[in-house]
Amino acid sequence: MRKVKYAIIGAGTSGLTALSYLKKRNEDFVMIQGGPYGTTCARVGCMPSKALIHTANHYHQRHHMAEIGIENAEQQEVDLVKVMQRVRALRDRFTGGVKSGSTDTLAPGQLIEGYAEFVAPNQLKVNDEVIEAERIIIANGSRPVVPTPWKELGDKLMTSDEIFELETLPKRIAVIGLGVIGLELGQALARLGIEVVGVEMLNTLGGLSVPEVVEEAVAEFSKEFPVHLGVAANLRLNPDNPEEVEVQIGEEKVYVDAVFASLGRRPNIDNLNLAAAGVELDGRGMPNFNLHTSQIEDKPIFIAGDVNGYRQILHEAGDEGRMAVLNAVSYPQISAYARKTSLGVAFTDPQIGLVGQRYTELDADKIEVVTFKLNCANGRAIVIGQDKGAISLFADKESKQLLGAELFLFEGEHMAHLLAWMIEQKLTVMDLLRMPFYHPVLEEALQSALRELAHKLYPQDTDWMEAELSALEG
Ligand SMILES: Cc1cc2nc3c(=O)[nH]c(=O)nc-3n(C[C@H](O)[C@H](O)[C@H](O)COP(=O)(O)OP(=O)(O)OC[C@H]3O[C@@H](n4cnc5c(N)ncnc54)[C@H](O)[C@@H]3O)c2cc1C
Ligand SMILES: NC(=O)c1ccc[n+]([C@@H]2O[C@H](COP(=O)([O-])OP(=O)(O)OC[C@H]3O[C@@H](n4cnc5c(N)ncnc54)[C@H](O)[C@@H]3O)[C@@H](O)[C@H]2O)c1
C-alpha cells in the first residue's frame with residue numbers, strides 16, 4: 001500500500017485546477033486519471049462543439065447574403081470531411097495544450113493511470129494498487145445519459161463522446177433532448193446541411209422558462225429544423241431496413257441514419273463505491289456535500305466539478321476545484337466560499353443566456369418582470385439583420401435589485417456577462433439606468449428593457465429625466 005497526503009481523482013478541469021495548487025506547493029500527492037487525457041471540455045465538450053458551430057454559422061450566412069446585396073453566395077459548398085478534420089485538429093491543439101501544462105509535467109509516481117474506487121474511508125484502489133490518502137478530492141466528471149435499450153442501435157446511436165470522431169456526417173440525424181448540447185449541435189448540423197429532427201420531452205428548450213422567450217426561441221429554431229416539444233421519442237432499428245433508425249414521435253414516424261442523444265450528463269459518482277468511504281448516499285446516489293466548501297459530510301473528502309451534479313459548466317468546475325483544494329490543504333480548518341452569480345450561455349444563433357436566479361424559482365408576487373422583444377425598434381439589430389429574440393429581466397420589488405435574466409439574443413454571451421456582473425454587484429435597476437449606453441448597439445435594447453422595468457418598480461410620479469442622472473453633491 002502506498003501512502004500519500006492528497007489524492008485527486010480525475011484529471012479534468014476541476015482536478016487539474018486542484019493539481020496546479022498542490023504542485024506549486026510541492027505537496028505529496030497523486031493524480032489518478034481513468035480514461036483519455038485532455039479534459040472533457042477540450043476533448044469532447046466546449047471546444048470541438050464550438051469549432052463545429054463556427055463553420056456551421058459561416059456556411060449558414062450564404063442564405064442571407066443576397067438580402068444585403070451580395071450575389072451567388074448560395075452556390076457555396078461545404079466539405080464535411082474537411083470540417084470534421086478541422087474540428088479534430090483544433091481539439092488536438094486544445095488537449096495538447098492542457099496536457100503539456102499539467103499531467104505531462106508530473107514526476108513518475110505522481111500520476112496513476114486507471115479508475116479509482118474507494119475500498120475503505122481513506123483508501124482508493126486503482127488497478128491492483130491501493131493508495132491511502134489523508135485527503136481526497138473527487139473530480140471525476142460526468143458522462144452522457146444513454147438509456148440502456150437505446151444501446152441496441154449500436155453505432156447508429158451517438159453522443160458528444162463519439163460525434164467529433166466521425167470522418168463525415170450522416171445525412172439524417174434525430175437529436176433527442178433539446179437542452180444545451182442538443183440545441184447547439186442540432187442547429188450546427190442543420191446548418192451544415194444535415195436533415196435534423198429535434199425531440200424534447202419538456203415544453204421548452206435550452207433551459208428557457210419565460211413563456212415569451214420560449215416562444216421566440218421555438219419559432220426561430222423551428223425555421224431551421226422540425227422541433228417536437230412535450231414528447232418522448234421511441235427508437236428502434238427500422239425492421240424493414242436495419243441501416244435506418246425508426247424514430248416514433250407521438251403518431252409520427254421519422255427515419256434517420258443516426259440518433260444523437262443529448263439527454264443530460266450523469267455524475268460519475270456511481271463508479272466510486274463511496275459507501276466504502278462511510279459516506280451516506282441519498283436516493284439519487286449522491287453524497288451530502290456543502291456547496292460552499294465542497295466538503296462531503298465532515299470528512300477529509302471534497303467533491304468538485306460535474307461529478308457533484310450542481311452546475312455542470314466549466315468555470316464552475318474550476319471554482320469548485322479551487323475551493324476543494326484550499327479546504328483539503330487547510331483541513332480540518334474549513335472555509336466557506338460564496339458562489340458566483342449563475343451564468344449559462346448556449347452557443348446557438350441567437351444565443352441563449354441564463355443569468356442569476358431562475359424565473360421559475362422566484363416568487364411571482366415578489367418580482368417584476370419585463371420581456372423586451374428585439375423586433376421592437378433596436379436600430380443595430382435591424383441593421384445587422386438580427387431583430388429577433390428577446391431580453392427578459394426580473395427584479396426584486398422591494399430592493400429593486402436585478403435578480404436574473406433570460407436572453408435569446410444575437411451574440412448574447414456578452415450581454416449575459418454584463419448582466420451577471422450587474423447582479424453580482426447587487427445593482428438596482430436605477431443604478432443600471434445611470435450607466436452609459438452607446439448608440440447604435442444591442443445594449444440599447446437592454447436600456448429599453450430596464451426603463452420598462454423601472455416604470456414597474458418605482459413610484460408613478462418618479463421624475464425619469466432626473467432619475468437617470470446622478471446629482472452632483474454641493
Ligand atoms: C458537448 C459539450 C459541450 C460543452 N460546452 C460547454 C461550454 O460551452 N461551456 C461550459 O462552460 N461548459 C461546457 N461543457 C461542460 C464542461 O465541459 C464540463 O462542465 C467540464 O468539462 C467538467 O469538468 P470536470 O473537471 O468536472 O470533469 P472532466 O473534465 O470530465 O474530468 C473528469 C475526468 O475524470 C476521469 N474519471 C472518471 N472516472 C474516474 C475514476 N473513477 N478514476 C479516475 N478518473 C476518472 C474522466 O475520464 C475525466 O478525464 C460542455 C460539455 C459537453 C459534453
Ligand atoms: N454552452 C454551454 O455552456 C454548454 C454546452 C453544452 C453542454 N453544457 C453542459 O453539459 C450539460 C449536459 O448538456 P445536455 O444538453 O446533455 O443536458 P441538459 O440537461 O441541458 O438537456 C437535456 C435535455 O434532454 C431532455 N430529455 C431527457 N430525456 C429525454 C427523452 N427521453 N426524450 C426527449 N428529451 C429528453 C431534457 O428534458 C433536457 O431538456 C449541461 O447541463 C450543461 O451544463 C454546457
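Whatever order the structure lists ligands and atoms in, that order sets their numbers, starting from 1. Keep in mind the model is a prediction, meaning the values are calculated, not measured. The figures that follow rest on heavy atoms only: side chains count, while hydrogens, waters and symmetry mates do not.
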How are the rings of F302 and Y331 set to each other: parallel, tilted or perpendicular (split at 30° and 60°)?
perpendicular
Geometric class of the W421/H417 ring pair [parallel <30°, tilted 30-60°, perpendicular >60°]
perpendicular
Pairs flagged by side-chain hydrogen bond (donor to acceptor under 3.5 Å, both in side chains) wherever residues 233-247 is involved - sequence neighbours left out:
R172-E244, R236-E246, N238-E244, E246-Y255
Any idea which of G45, G15, G141, A7 brings a heavy atom closest to atom 52 (C) of ligand 1?
G45
Taking atom [atom1] of [X] as the centre, does the number of heavy atoms from other residues, nucleotides or ligands within less than 6.0 Å exceed 12?
{"X": "R2", "atom1": "CZ", "answer": "yes"}
{"X": "E152", "atom1": "CD", "answer": "no"}
{"X": "K50", "atom1": "NZ", "answer": "yes"}
{"X": "K5", "atom1": "NZ", "answer": "yes"}

If I apply the N/O under 3.5 Å rule, does [X] come out as touching ligand 1?
{"X": "T13", "result": "yes"}
{"X": "E184", "result": "no"}
{"X": "S142", "result": "no"}
{"X": "G34", "result": "yes"}
{"X": "F164", "result": "no"}
{"X": "I9", "result": "no"}
{"X": "K50", "result": "yes"}
{"X": "H315", "result": "no"}

Least distance between heavy atoms, [X] atom then [Y] atom:
{"X": "D306", "Y": "R265", "result": "OD2-NE, 4.0 Å"}
{"X": "A405", "Y": "L393", "result": "CB-CD2, 3.9 Å"}
{"X": "T371", "Y": "A390", "result": "CG2-CB, 4.0 Å"}

[atom]: the protein heavy-atom neighbour that sits closest, reported with distance to 0.1 Å:
{"atom": "atom 37 (C) of ligand 1", "result": "N140 O, 3.2 Å"}
{"atom": "atom 6 (C) of ligand 1", "result": "C46 SG, 3.4 Å"}
{"atom": "atom 11 (O) of ligand 1", "result": "L314 N, 2.8 Å"}
{"atom": "atom 33 (C) of ligand 1", "result": "Q33 OE1, 3.7 Å"}
{"atom": "atom 19 (O) of ligand 1", "result": "D306 OD1, 2.7 Å"}
{"atom": "atom 21 (O) of ligand 1", "result": "C41 N, 3.5 Å"}
{"atom": "atom 29 (O) of ligand 1", "result": "T40 N, 3.1 Å"}
{"atom": "atom 23 (O) of ligand 1", "result": "A317 CB, 3.8 Å"}

Is there a heavy atom in [X] that sits closer than 4.0 Å to ligand 1?
{"X": "E320", "answer": "no"}
{"X": "G344", "answer": "no"}
{"X": "R265", "answer": "yes"}
{"X": "F347", "answer": "yes"}

Of all the atoms in ligand 1, which lie at a distance below 4.0 Å from a heavy atom belonging to [X]?
{"X": "I181", "result": "1 (C), 2 (C), 52 (C), 53 (C)"}
{"X": "G114", "result": "42 (N), 43 (C)"}
{"X": "G10", "result": "33 (C), 34 (O), 44 (N)"}
{"X": "G305", "result": "26 (O)"}
{"X": "Q312", "result": "15 (C), 19 (O)"}

Does the side chain of [X] come under 3.5 Å of the side chain of [Y] through a donor N or O and an acceptor N or O?
{"X": "T103", "Y": "Q33", "value": "no"}
{"X": "Q351", "Y": "T348", "value": "no"}
{"X": "E320", "Y": "N308", "value": "yes"}

Intermediate values then yes/no, side chain to side chain contact (heavy atoms under 4.5 Å, CB included), I303 and I269:
CA-CA 10 Å; I303 183 165; I269 199 84; 3.6 Å; yes
Residue portion contacting ligand 1 (non-hydrogen atoms closer than 4.0 Å) for [X]:
{"X": "S14", "answer": "both"}
{"X": "P48", "answer": "neither"}
{"X": "V44", "answer": "backbone"}

Side chain to side chain donor-acceptor pair (under 3.5 Å) assessment of E212 paired with S392
CA-CA 9 Å; E212 294 102 310; S392 189; over 6 Å; no
Which protein N or O atoms sit under 3.5 Å from any N or O of ligand 2? Give atom names and distances.
residue, atom, partner, partner atom, Å
ligand 2, 1 (N), E184, OE2, 2.8
ligand 2, 1 (N), V345, O, 2.6
ligand 2, 3 (O), V345, O, 3.3
ligand 2, 15 (O), V180, N, 3.2
ligand 2, 15 (O), I181, N, 2.8
ligand 2, 16 (O), G264, N, 3.0
ligand 2, 20 (O), V180, N, 3.3
ligand 2, 24 (O), S262, O, 3.4
ligand 2, 34 (N), M201, N, 3.2
ligand 2, 37 (O), E200, OE2, 2.6
ligand 2, 39 (O), E200, OE1, 2.7
ligand 2, 39 (O), E200, OE2, 3.2
ligand 2, 43 (O), Q312, O, 2.6

For K23 and T105, run side chain to side chain donor-acceptor pair (under 3.5 Å): C-alpha distance rounded to whole Å, both residues' side-chain angles, the deciding distance at 0.1 Å, then the answer.
CA-CA 10 Å; K23 196 161 170 276; T105 66; 3.3 Å; yes
If you apply the rule side chain to side chain contact (heavy atoms under 4.5 Å, CB included), what do you find for Y21 with L326, and how did you get there?
CA-CA 8 Å; Y21 188 75; L326 289 175; 3.5 Å; yes
Partners passing side-chain contact (heavy atoms from CB on, under 4.5 Å) against D282 (at least two apart in sequence or in another chain):
R284, M286
Interatomic distance, CD1@I138 vs CD1@I301, rounded to 0.5 Å, equals 5.5 Å
Residues that E195 engages under side chain to side chain donor-acceptor pair (under 3.5 Å), provided they are two or more places apart
none
